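Accompanying notes for the structure given below.
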Amino acid sequence: MGGRPLGRGFYARRPDEVARDLIGKLLVRLYGGARLSGIIVEAEAYFGPEDPASRARHRGGSLARAMEWEPGRALVYGIHRQWLLNVVAHPPSGVGAVLIRALEPREGLEVMARNRGLPPGSDPRLLTSGPGRLTRALAVDKAIHGAPLTGGGPLWVEETGLRPAVCRCPRVGVTRDLEEPQRYVARGSKFVTAWRGCRCP
DNA sequence: CGCCAGATTGACT
DNA sequence: GTCAATCTGGCGG
């Protein structure tokens, strides 16, 4: 099962395709010699300036520029005193990113609980269900900003062979969204954030 | 340099 | 359900 980081080619596509295909993959964080990991069960696609919810509409801003980086780099975005983990994803000379919103934890649950300030043996859903929660569980912060996920770093994504059914919902927390829903969730997962309006049984 | 909105969370009415 | 905490980047003065 898996083992090697997904290469740049995986990320060098439209962010909506990358978001959809990230569902069911394994996000791995090397932390203090230990592997922390979880299956990605929820992700959102963000596009260029035409996307009213995307930071890319602030042309010339540091986040807008980061969304033009080569595909496969981590883009860490601070908001509401949390860090949010994105992956730069776009076709050649494009702009875009995918927000990782929730994981089903697999490895290193005790360390994740400690990072989250929770007692060992806590409900695993509390560890990584939510974009701010999973960054704390995996100790992802500004130091990861710009790191390639394509190998050699402390963070990457692996193939799993899992092919969960994926459904789409409106993005969470955005005031102006696109017509097409851009939030992708693993159907039936108990680890998806329970936000209003998304029925995905 | 100060003000403010925002891809959130968790504690409380 | 409501709401404040508390931080970064964008933008105006």
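Here is how names work: the chains are called A, B, and so on, in the same order as the sequence lines, proteins then strands, and each is numbered from 1. Since we're looking at a predicted model, the values are computed, not measured.
- Ala53(A) and Arg176(A) get closest at one heavy-atom pair: CB-O, 3.5 Å.
- Across all strands shown, dT6(C) remains unpaired; no Watson-Crick or G-U wobble contact has both distances below 3.5 Å.
- Between Arg125(A) atom CZ and dG10(B) atom C1' the separation is 17 Å, expressed in whole Å.
- Within residues 133-143 of chain A, the residues approaching DNA chain B are Arg133(A), Arg136(A), by heavy-atom distance under 4.0 Å.
- The one candidate from Leu36(A), Leu85(A), Ile39(A) that meets the side-chain contact (heavy atoms from CB on, under 4.5 Å) condition with Leu27(A) is Leu85(A).
- Rounded to an integer number of Å, the gap from Ile79(A) CD1 to dA5(C) C1' is 14 Å.
- In summary, Asp16(A) and Arg168(A) do not engage in a salt bridge, as defined by a charged side-chain N under 4.0 Å from a carboxylate O.
- At a threshold of 4.0 angstrom between heavy atoms, the contacts of Arg116(A) are confined to the sugar-phosphate backbone, with no base atom among them.
- With hydrogens and angles left out, the side-chain atoms of Glu42(A) and Thr193(A) include a donor and acceptor closer than 3.5 Å.
- For Arg57(A) and dG6(B), the CZ to C1' distance is 9 Å, given to the nearest whole Å.
- Look at His58(A) and you won't find any side-chain N or O under 4.0 angstrom from OP1 or OP2 of dG9(C).
- For residues 71-101 of chain A, no residue pair satisfies the ring pair (Phe, Tyr, Trp, His ring centres under 6.0 Å) rule, not counting sequence neighbours.
- We find that Glu158(A) and Arg4(A) are not joined by a salt bridge, their nearest charged nitrogen and carboxylate oxygen being 4.0 Å or further apart.
- Nucleic acid contact class of Gln82(A) (heavy atoms, under 4.0 Å, all strands): base.
- When distances are taken from the side chain of Trp83(A) to each of dT8(C), dT8(B), dC11(C), the shortest belongs to dT8(C).
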